[in-house]
Amino acid sequence: KANQGRLENFFTVL
Amino acid sequence: MFEARLPQAAVLKKLVEALKELVTEGNFDVSPSGISLQAMDSSHVCLVTLQLNDDGFEHFRCDRNMSMGIHFGNLSKILKCAGNEDTITLKAEDNADQLTLMFESANQDRISDFDLKLMSIESEHLGIPDQDYSAEVKMPSAEYQRIVRDLTSMGDTVLVSATKEGIKFSTSGDIGTANITLRHNTTPEKEDEQTHIDLKEPVALTFALRYLNNFAKATPLTPQVKLSLTKDLPVVVEYKVGELGQVRFFLAPKIDD
């Protein structure tokens, strides 16, 4: 089953 | 000082209604070029960005950049006191701890002002790269709202796949499965009723329906919505706010273990 990704997985935290 | 005047309060009322459940608080960053906001939901699964451009306001003045921490539930309470057709003016002194909202009725026989206490909000900013998306789909916002609402009665997640056949939304749950496909359709005379699918390469991603449903709270803002999809990237659901700017919702996809 797929897990919910978090935004930090995809975008850089500035 | 900061001062921004909008001829219709309805726009701001709709904007705040669209985001207040997703993000309870956030910073309105004001600068001479306008008002912007970037706020994540508490689970860091989705992000709301808002850009309202200075030239979209009837009057806009910002002498120095400011970050105004706002509780959207409280802002919503105040905006409920404004008539849809009221002119609304936002005002704050430099380094103020409150934002003044002034409402004027169309014939100027009723003027009210409300002060909203500002908060100090520590928020992480995310760098969102400019991106060429594999698929960009413009569709009637009411259609988007209906699709995600209908699918929510069947399942918790939706597989969104864009191919040359169209954009397909698929879900499954305890009672069965559902598929809804929208085709590229420029037949309707009104542009607002058309569906445009701009496909560079086929793409399929899985998302939580709960959030996609929440984004549809922005439907009253505008008749069209744009979905941008690329493999392994958050989907962008964008609502334009007339000439004023836009609100964008980013939702992280489900990822395989």
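Keep in mind that this is a model prediction, so the values were computed, not measured. Every chain is numbered from 1 and lettered A, B, ... according to where its sequence line falls, protein lines coming before strand lines.
A pairwise comparison of heavy atoms in A:Gln4 and B:Pro253 identifies NE2-O, 3.7 Å as the closest pair. Of all heavy-atom pairs between B:Ala252 and A:Gly5, the closest is CB-O, 3.2 Å. Looking at every heavy atom in both residues, B:Leu233 comes nearest to A:Phe10 through CA-CD2, 4.1 Å. Heavy atoms only, all atoms of each residue included: A:Leu7 and B:Pro234 are closest at CD2-CG, 4.2 Å.
Atom NZ of B:Lys138 has 12 or fewer heavy atoms from other residues, nucleotides or ligands within 6.0 Å. Shown here is B:Asn65, whose CG atom has more than 12 heavy atoms of other residues, nucleotides or ligands within 6.0 Å. Heavy atoms of other residues, nucleotides or ligands lying less than 6.0 angstrom from NZ of B:Lys231 number 12 at most. Within a 6.0 Å sphere centred on CG of B:Asp55, other residues, nucleotides and ligands contribute more than 12 heavy atoms.
Only the backbone of B:Ser43 comes within contact range of chain A, with at least one heavy atom under 4.5 Å from a heavy atom of that chain.
Interatomic distance, A:Leu14 CG to B:Ile128 CD1, rounded to the nearest 0.5 Å: 9.0 Å. Rounding to the nearest 0.5 Å places CZ of A:Arg6 at 9.0 Å from CG of B:Asp41.
A ring-centre distance under 6.0 Å is found for A:Phe11 and B:Phe250.
Residues B:Leu126 and A:Val13 have side chains in contact (heavy-atom distance under 4.5 Å, counting atoms from C-beta outward).
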